[in-house]
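To start, the structure under review is shown below, and the notes come after it.
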Amino acid sequence: MTNYFRSNVEAMASYVPGEQPPRGTQVIKLNSNENPYPPSPAALAALQNIDGEWLRRYPEPFGGEFRQAASQVLGVPSDWIIVGNGSDEVLSMVIRACAEPGHKVVYPMPTYVLYRTLTEMQAADILEIAYKKDNVLPLAELIAANGAVTFIASPNSPSGHVVPSDDLRKLASELSGVLVIDEAYVDFAEESALDLVQEYENVILIRTLSKGYSLAGLRLGFGVANPKLLDGLFKVKDSYNIDAIACAVATAAITDQAYKNACVAKVKASRTQLTSDLKELGFRVGNSHGNFLLTQPPERNAEYLYQKLKEQKILIRYFKQPGLEDKLRITVGTDEQNQILVRALSDLLGMRN
Ligand SMILES: *Cc1c(COP(=O)(O)O)cnc(C)c1O
């Protein structure tokens, strides 16, 4: 076939999302870090109240209603907030606005695979720097690289660790480019880097309603940054990136903090229980501040267990990637789901009957 594509697009691999089985498939789905609990009743009520007239008209282009609500919750002015079709879109806006061929995009590894995909699309240069032992940030190397964009996920995926705020502050002050702090899992952690946004104009914090708020299917995420930084991002965003339904439902969801906090508390309790159950089976389990665990099985290889669980309709995540081949990432489900998983693993390891 004639090659129609830009050379960087021709050369790049597609992003491989976690498996998303068709609706109604009977599976225990612990592979995409979705929240096991339903969205807030207030969000579902907002969905019921969508008026056809809202759909006839174009939506408000900046998700203004959601920005107001998020501004209340976070205690930052609403013009410090940019709304995206999932936080993935906000990440994409940062790359499109700030990185170009010849510029470096830098991040520690392993981390969220989409950073690589977005950078390849943009034909900017990629510099991946390995985390040091025990998830220590390669701070000096990241500073020396001085990327046009530097991505840090905190809590990180798949490791679940939080990057110390002193390290983030040091990065923010030393880098001349943009520091993206991806807080997709912050709802399950004890700390946030929100303060840094107010101190450093080159920092953008990325949040999502997909994980903490049980709204992965809605596609709504947002960034928090100094309006000077957001100015550039607004230039590259799609004109009507936030649909009227997503805006109304997300506004209700973020306003209902009590419900989100209650779900998060349940997930955190289950995370503790699942950690100890897996350790009992001989798994090594890292300390996680997300709604997932990165774990190393005792004997059989990780890929084998992943495949066997899949045959039993239990989906978890396996990354065939340096440093991760011997590990599994397991989303924390309900206690009931976690128990089924633990029983299946125990059987596969021949530890029962
Ligand atoms: C899930 C995830 C996202 C994307 O979330 P969406 O808002 O659903 O696009 C971003 N960053 C990390 C690290 C994630 O794990």
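We count ligands from 1, going down the list as the structure has it; atoms in each ligand are counted the same way.
For D182, the closest heavy-atom approach to ligand 1 falls below 4.0 Å. At least one heavy atom of R219 lies less than 4.0 angstrom from ligand 1. Heavy atoms of G86 approach ligand 1 to within less than 4.0 angstrom.
Here the heavy atom of the protein found nearest to atom 15 (O) of ligand 1 is Y185 OH, 2.6 Å. At the top of the distance list for atom 3 (C) of ligand 1, counting protein heavy atoms only, stands K211 NZ, 3.4 Å.
Counting only non-hydrogen atoms, the option in N33, T208, L114 that gets closest to atom 7 (O) of ligand 1 is T208. One option in V180, T111, L91, D88 has a heavy atom closer to atom 4 (C) of ligand 1 than any other, and that option is D88.
Between the side chains of Q337 and K29, not a single donor N or O lies within less than 3.5 Å of an accepting N or O. Judged by distance alone, the side chains of D88 and Y112 do bring a donor and an acceptor atom under 3.5 Å apart. Remark: the E19 side chain and the N31 side chain contain no N/O donor-acceptor pair separated by less than 3.5 Å. Of the N and O atoms on the side chains of Y115 and D182, at least one donor lies less than 3.5 Å from an acceptor on the other residue.
Near S210, with a cut-off below 4.0 Å to any heavy atom, the atoms of ligand 1 are 6 (P), 7 (O), 8 (O).
A cation-pi arrangement is not found for K327 relative to Y318, the charged atom failing to lie both closer than 6.0 Å to the ring centre and inside a 45° cone about the ring normal.
Closest non-hydrogen pair, E325 versus A302, comes out as O-CB, 3.7 Å.
When heavy-atom distances to ligand 1 are checked against a 4.0 Å cut-off, S87 comes that close through both its backbone and its side chain.
No N or O atom of Y112 sits closer than 3.5 Å to an N or O atom of ligand 1.
With sequence neighbours excluded, the residues forming a salt bridge (charged side-chain N to carboxylate O under 4.0 Å, His left out) with K308 are E311, listed by chain and number.
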